[in-house]
Amino acid sequence: MRLSQLFVRTLRDDPAEAEMPSHRLLLRAGYVRQLGSGIYSLLPLGQRVAQRITQIIREEMDAIGGQELLMPVVHPADIWRESGRYDAVGPEMARFKDRGGRDMVLAMTHEEVVADLLRDVIRSYRQLPVQLYHFQTKFRDEPRSRGGLIRVREFTMKDAYSCDIDAAGLDVSYQAQYGAYARIFERIGLQTIAVSADVGMMGGTEAHEFMLLNPAGEDTLVLCDQCGYAANQQVAKVRRPKPLVEGLRDIEEVETPGTATIADLAAFLGIPASETAKAIFYMAEDGRLVTAIVRGDDEVNEAKLANAVAGGGLRPAREEEIRAAGMEPGYASPVGVHSTFVVVDELAAASTNLVAGANKPGYHLRNVNLDRDYVPDRITDIAIAREGDPCPNCGSPVILRNGIEVGNIFKLGTKYTEALGATYLGEDGVEHPIVMGSYGIGIGRNMACIVEAHHDEKGIIWPEAVAPYAAHLVAMGANRDARVTEIADALHAHSIVTGNEILYDDRDESPGVKLTDAELLGMPRILTVSPRSLAAGGIEVTDRATGERAIRSVDEVRDSLG
RNA sequence: CGGGGCGUAGCGUAGCUCGGUUCAACGCACGUGCUUUGGGAGCACGAGAUCGCCGGUUCGAAUCCGGCCGCCCCGACCA
């Protein structure tokens, strides 16, 4: 490809809106352009990278028996009503009516369509298992897009769906996907960590997310470098040492003016925050007011709490809702209150003689104890893991790191197949719902993550496997030696013939401009043809990653392009 | 949705406090010509902006006021 013909323009200055390296460089080097918030065009260079990533994923999906198909972006609302998600999913799903007034949606994901296909095609256990996948546009009207291609609203995703006769089959499919993911990320140059993850609104029993460590990552990971424990903070278990149990002392009211926060309360009473009980309130989707109790030095993990409540999503309760239940915000506790769903963290439950709210302004209670003073509905781990906590596996201190999710795998189970009636007739002559798994990789996000992991101050450094072109040929000083253009043209022509076309900077630009652009664009090798290189014996080959330069003969370079 | 910031030429910005013949400017990029050619070249000429939009105040608005829209960052949110 001749650079003089390529639809691209590189920018000398960083666009003001770009902060992350990948966003900055992809814009400056002309791989992408923004159309609106979270909506991007891939320019020809970007599209080539996307296609190379896509092809690698395709190969690995095929290698584990995946079958590629293509499902629509526009869905009738009906199948989303069948699964219950038409109402369960909020405004992030775009909805509209077609000309006939029928409700339609833009696909955020394709479980419903897969289940619909399964109920149409699958009759017998003999047709299972099967793994389906496609590359398709998703639209999710995110409340906030960010970080260039890291979090966008419209994007292409590889989503795969495994379909098995039972949980054991799902385990096999899940493991196959896990292995394929490891190979995919290895091949495209991303060092990832697979962490246990929350199943969230997808439902299901188990999930992993493949994470790229990155300071700008939106997820917090809890990692143990001793035993390899790795979990998203949303699900990371907390196993802190149990406190010493004291004898229960009598409850006692104490005046504590102006102590609506744990920090103020602990300071006022001169006790550590760990000797207090913190009450946080949420409304569950089913209308229950949830009281979460953690020790004063802990924070509530909302994902864990939501799973403990099992009443759908949670939102913070409003003050009037808390008062309506008989409690006083800032001085609240479940003591003497019976109308809320009380979830107590294990550590708080094991702690004795805590200070808790008295449910009147300016007063707390000393020596509050579980069971004696209030009745829990559930006792479970709802605290958020902290840096230095003992690893739930081996007890070594864990570390916290930010990560970007580059892929995920979910064991869905039968949620969608039951809802849509996708069943097979088993060997036992009985109808069973098909057991599904779901496996996603965002193409654009992966492209951005590769840049995050592979760049320097000069520009992008594409790994060979995903580079838009294997080499960037720069012709310089053509007017002083006719052989320069001759040789460069011939090399470029040769690369077309071999099917491994290189990028050829044939522009009438100064050497500085050409070399700077070559480094910005990031092909793995830069081939320089100039009177100087010819005098030295041929073509200068620069390794973009290491900066190493070597003179190679023209023949040698030509052969390397084959 | 809360908090903060920003919208002036393709990109980056100045001007805005203090309204008016340096108010529409500067650098880069762009076009033409000549020179230049191994690290973002030089000279000359040139094209390109109804200063995000609408309304108001005023003799006069990029500048002041109100409303709206868009974009970015933090948080909430995130199959």
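Throughout, a chain's letter reflects where its sequence line sits, starting with A, and its residues are numbered from 1.
In this view, A453(A) and L190(A) satisfy the side chain to side chain contact (heavy atoms under 4.5 Å, CB included) rule, not counting sequence neighbours. Judged as a side chain to side chain contact (heavy atoms under 4.5 Å, CB included), and not counting sequence neighbours, the contacts of A216(A) are M20(A), N214(A). Scored by the ring-ring contact (aromatic ring centres under 6.0 Å, His included) test, Y181(A) finds F185(A), F210(A) as partners (sequence neighbours excluded). Scanning for ring-ring contact (aromatic ring centres under 6.0 Å, His included) contacts around H134(A) gives H110(A), with sequence neighbours left out. Qualifying side chain to side chain contact (heavy atoms under 4.5 Å, CB included) partners for L43(A), counting only residues two or more places apart in sequence or in other chains: F7(A), R33(A), S41(A). Residues passing the ring-ring contact (aromatic ring centres under 6.0 Å, His included) test with Y174(A) are H208(A), sequence neighbours excluded. In this structure, H455(A) has no ring-ring contact (aromatic ring centres under 6.0 Å, His included) partners at least two apart in sequence or on a different chain. Considering only residues two or more places apart in sequence or on other chains, R483(A) meets the side chain to side chain contact (heavy atoms under 4.5 Å, CB included) condition with D481(A), I487(A), L534(A).
Under a cutoff of 6.0 Å and an axis angle of 45°, R85(A) and Y416(A) do not form a cation-pi pair.
Between the CZ atom of R315(A) and the P atom of G2(B) there is a distance of 16 Å, rounded to whole Å. R28(A) has its CZ atom 16 Å from the P atom of C28(B), to the nearest Å. Between the C1' atom of G39(B) and the CD atom of E519(A) lies a distance of 8 Å, rounded to the nearest Å. Per the geometry, CZ belonging to R146(A) stands 12 Å off P belonging to C78(B), to the nearest Å. Here C77(B) presents its C1' atom at 17 Å from CG of L305(A), a figure rounded to the nearest Å. Note: CG (D517(A)) to C1' (A29(B)) measures 12 Å, nearest angstrom. For the pair F410(A) CZ and C78(B) P, the interatomic distance rounds to 12 Å; values are reported in whole Å. Residue D141(A) contributes atom CG, which lies 11 Å from atom P of C1(B) at whole-angstrom precision.
At a cut-off of 3.5 Å, with distance as the only test, a side-chain donor of N307(A) or D198(A) sits close to an acceptor on the other residue.
Note on residues 523-541 of chain A: no pairs pass side-chain hydrogen bond (donor to acceptor under 3.5 Å, both in side chains), not counting sequence neighbours.
When L473(A), V474(A), L521(A) are each tested for a side chain to side chain contact (heavy atoms under 4.5 Å, CB included) with L503(A), only one passes: L521(A).
Residues of residues 7-19 of chain A having a heavy atom closer than 4.0 Å to RNA chain B, listed by number: R9(A), R12(A), D13(A), D14(A), P15(A), A16(A), E17(A), E19(A). For RNA chain B, none of the residues of residues 441-459 of chain A falls under the heavy-atom distance limit of 4.0 Å.
Looking at which nucleotide of RNA chain B each of R144(A) and L520(A) is closest to, the 5′-most match is held by L520(A). Residues G38(A) and E218(A) both approach RNA chain B. Their nearest nucleotides, taken by heavy-atom distance, put G38(A) toward the 5′ side.
Heavy atoms of G147(A) sit under 4.0 angstrom from primed sugar atoms or phosphate atoms, though from no base atom.
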Given protein heavy atoms under 4.0 Å, the one-letter contact record of nucleotides 32-38 of chain B, with B base, S sugar-phosphate only and - none, is simply -----BB
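Of the C1' atoms belonging to C28(B) and C72(B), the separation is 23 Å, rounded to the nearest Å.
G7(B): Watson-Crick or G-U partner is C69(B), with both key distances under 3.5 Å.
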